[in-house]
Amino acid sequence: MSQNPLKKHIQSFQGCLHGGLIKENAEKYGLSEDEILDFSANLNPFKTPFDHPEYGLNFLKLAAESYPETYNYPDNRYLKFREAAATFLNSGIAANGDINNANGGTKANVRLTKENIIPGNGSTEIIRLFCQCVLNEGDKVIIPYPTFGEYEIQCRLQNAEIVYIPQEKVETLTVDELKEIGAKILFICNPNNPTAVLRKREDLIKLAEICEKSKTVLFMDEAFIEISDPDQSVCDLVADHKFVFIMRSLTKCFEIPGIRLGFGAAHPEIAAALNNARLSWNLSPLQENVGAALMSMGGGVNSDYLIKSRELILKEANFLKDELSKVWGFKPGVATTNFLLVDISERTVKSTELVERFAKNGILIRNCISFKGLGEDFIRIAVRTRPENEKFIKTIPIVFDEWAKDFADSELKSALTTHKKGLQQNKRETCEYYPCHFEGQDCTFCYCPFYPCKDERGGGKYIQSSKGGQVWSCVDCYVPHIPPVVEKMLEGLMEDGDTEEILKKEWDEIILPIMEERDSDHVLAVCRRIKEEKDKNPK
């Protein structure tokens, strides 16, 4: 077998998990792409400016204007794009000048120029370029977790050593600690992906000073800043600081993920070197023209388009947070930008299964298993329009109803297997809910194989859901938990045959006669006695 010519650390390399896999999931679940709602990718729900005629931008016109330029190599200086990017950043610096002065930051009269800008074919190219130009093999970087996975991926490509710290540790970092670690780069995402935590500008200015003194580059990923709070940006610091680097993405704020546009902002000396090192002709004429047009909208980061985008996002993020908070076992995090991190650790179902079940129903959500420190206890939900958000909320009970039925079926099979081995325990006294119906109950069918039977004669009934609708509750149903009933059902289920057919037969021959009071043996007497006791002494 011939030797692999690749570097050893590349041979077993694994890429980063991302959302937005519409085509892949459509193929996997037999859906058309139009049927899928993507809550796994964090884009602007206000849609691209090209969808708003009032802003005077026409994508087809830009494409037509770019067409003649495709016959020549692009101008690798990308002057139009870089000028527009500098003006775009300056609009935010001017707007928050009072904040800068009040917190001892750079003055509002700072102006960035094209000499500060590095164009990128998406923000991921900017991360790779910066890591390539800063890191040698074995160099250390600090990545607070959980955060965007591409930092780790691009650092591992350079065979760097990664030092992980929890996000909360960032606030207490000192010059001495950074010097002791000896890291070349500290990665900060603001607002952070996937937690949506937004750090304040004054705190980041202090962090930049600490990094400068320890000779650690503060890599500031501001991919979501325009659709959260641009006042918290520290992009102006690059005018005088060689140890601060800013990354921006046009993908998120302008909803153009397919066009691939981003840029870096750095001290002129740093930016010049990076522009010399970046891949030649990394933007097509169409990319440059589209990017320049979007960033040249009146008002820049405070254009009418982005102001309305932020208003919509904040409104819908809070709507989603309120609605998700009503779902048992869902704990949504802070609402600062166009996504929410949701803690589902109290639910029995884990994120991987939940993501798959939503996908089968035509909704993509982000599995957070790839984010260090989160595992299968978290999902991330993008913020979309009100009708789309409402559809997502309405799909939650559908998904959990399907899961409950499948889980009940799984529990039934497990119970039968245990019973066949002679190991079946009629009681689960170690269960925190025992007795959930009555003392001495048989817990073999803890997850009822008939759910939802919708027959109130057994004690079950419809109750008001926290989501505003009706849901079937088995809290007061005792019939499938009486030992003689369980024994009868087990006898039938132990026979060979289709489980669903057997259950239908048992419903007709065992359960219905009891509820219809046609059973003459002692089971009906037991049922009646339990019901009388429950009516007399309700929980």
Side-chain angles (χ1 to χ4, degrees), residues 7-18 123-200 203-224 234 237-238 241-247 264 266-267 270 274 333 341 368-375 377-378 380:
K7 294 177 181 178
K8 188 174 181 180
H9 73 280
I10 298 296
Q11 291 180 23
S12 59
F13 197 79
Q14 296 293 321
C16 189
L17 177 65
H18 292 292
S123 58
T124 49
E125 185 188 51
I126 294 296
I127 301 173
R128 177 173 292 195
L129 172 65
F130 191 78
C131 290
Q132 285 176 330
C133 294
V134 173
L135 299 174
N136 294 310
E137 184 173 344
D139 280 345
K140 293 180 179 179
V141 301
I142 300 174
I143 301 181
Y145 66 89
T147 197
F148 186 43
E150 285 291 343
Y151 312 141
E152 176 183 342
I153 293 298
Q154 302 308 326
C155 289
R156 290 203 182 283
L157 279 173
Q158 310 310 315
N159 211 15
E161 180 183 342
I162 299 173
V163 178
Y164 298 102
I165 63 172
Q167 284 286 341
E168 310 80 62
K169 176 64 178 173
V170 172
E171 278 69 43
T172 62
L173 282 173
T174 65
V175 175
D176 290 341
E177 285 177 314
L178 286 179
K179 285 183 176 179
E180 184 179 349
I181 294 172
K184 288 284 192 75
I185 309 172
L186 167 61
F187 289 93
I188 299 292
C189 184
N190 196 43
N192 185 50
N193 179 12
T195 63
V197 171
L198 178 68
R199 287 188 163 88
K200 296 297 182 183
D203 296 330
L204 294 172
I205 291 174
K206 294 174 184 175
L207 184 60
E209 293 170 354
I210 292 171
C211 287
E212 183 100 28
K213 291 175 182 177
S214 62
K215 304 305 177 189
T216 299
V217 179
L218 177 60
F219 185 105
M220 284 299 308
D221 180 348
E222 296 185 340
F224 298 97
V234 290
L237 297 185
V238 302
H241 293 70
K242 294 181 182 180
F243 282 85
V244 176
F245 183 85
I246 304 294
M247 187 193 77
H267 184 279
I270 304 298
L274 291 172
L341 182 67
C368 290
I369 194 170
S370 63
F371 291 101
K372 181 177 174 61
L374 296 186
D377 287 335
F378 291 84
R380 193 191 66 198

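Please read these numbers as outputs of a predicted model, since none were measured by experiment.
- Checking side-chain atoms of T216 against main-chain N and O of L186 turns up no donor-acceptor pair under 3.5 Å.
- Atom CD of E171 is surrounded by more than 12 heavy atoms from other residues, nucleotides or ligands within 6.0 Å.
- Contact annotation: the side chain of N159 never approaches that of K7 to less than 4.5 Å [non-hydrogen atoms, C-beta and beyond].
- For F187 against I143, the heavy-atom pair with the smallest separation is CD1-CG1, 3.9 Å.
- How far CG of L135 is from NZ of K140: 13.5 Å, rounded to the nearest 0.5 Å.
- Side chains of L157 and C131 form no contact here, defined as non-hydrogen atoms less than 4.5 Å apart.
- A distance of 12.0 Å separates CG in L129 from CE in M247, rounded to the nearest 0.5 Å.
- Residues in residues 125-139 take part in these salt bridge (Lys or Arg N to Asp or Glu O under 4.0 Å) pairs, two or more places apart or across chains: D139-K184.
- Atom CD of E180 and atom OG1 of T174 lie 8.5 Å apart (nearest 0.5 Å).
- Side-chain contact between Q132 and Q158: present, with at least one pair of heavy atoms (C-beta onward) separated by less than 4.5 Å.
- Between V217 and V244 the shortest side-chain heavy-atom distance does not fall below 4.5 Å.
- Between D221 and Y151 the shortest side-chain heavy-atom distance falls below 4.5 Å.
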Output, in order, the C-alpha distance, side-chain angles, deciding distance and verdict of side chain to side chain contact (heavy atoms under 4.5 Å, CB included) for I153 and F13. CA-CA 9 Å; I153 293 298; F13 197 79; 3.8 Å; yes
If you apply the rule side chain to side chain contact (heavy atoms under 4.5 Å, CB included), what do you find for V134 with V141, and how did you get there? CA-CA 10 Å; V134 173; V141 301; over 6 Å; no
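- Less than 6.0 angstrom separates the ring centroid of F130 from the ring centroid of F245.
- Residues L374 and I369 form no side-chain contact, since every pair of their non-hydrogen atoms from C-beta on lies 4.5 Å or further apart.
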Which pairs of donor and acceptor atoms, one on a side chain in residues 191-198, lie under 3.5 Å apart (sequence neighbours left out)?
| residue | atom | partner | partner atom | Å |
| --- | --- | --- | --- | --- |
| N192 | OD1 | T147 | OG1 | 2.7 |
| N192 | ND2 | P146 | O | 2.9 |
| N192 | ND2 | T195 | OG1 | 3.0 |
| N193 | OD1 | R380 | NH1 | 2.8 |
| T195 | OG1 | V197 | N | 3.4 |

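- Between E152 and K372 there is no salt bridge, since no side-chain N of the basic residue sits under 4.0 Å from a carboxylate O of the acidic one.
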Start with the C-alpha gap between V234 and E222, add the side-chain angles, then the distance that decides, and say whether side chain to side chain contact (heavy atoms under 4.5 Å, CB included) holds. CA-CA 9 Å; V234 290; E222 296 185 340; 3.8 Å; yes
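- Residues passing the ring-ring contact (aromatic ring centres under 6.0 Å, His included) test with F243, sequence neighbours excluded: none.
- Taking the side chain as every heavy atom from C-beta outward, E212 and H241 approach each other to under 4.5 Å.
- Here the shortest heavy-atom pairing between L207 and L218 reads CD2-CD1, 3.9 Å.
- Of the N and O atoms on the side chains of R156 and Q14, not one donor lies less than 3.5 Å from an acceptor on the other residue.
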Under the side chain to side chain contact (heavy atoms under 4.5 Å, CB included) criterion, do K215 and K242 qualify, and how do the steps go? CA-CA 9 Å; K215 304 305 177 189; K242 294 181 182 180; over 6 Å; no
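- Looking at N190 and M220, their side chains come closer than 4.5 Å, going by heavy atoms from C-beta outward.
- Annotation for Q154 and I127: closest pair CG-CG2, 3.7 Å, computed over non-hydrogen atoms.
- Ring orientation note: the planes of H18 and F148 are tilted relative to one another, at an angle of 30° to 60°.
- When atom types are taken as modelled, the side chain of E150 and the backbone of T124 share no donor-acceptor pair closer than 3.5 angstrom.
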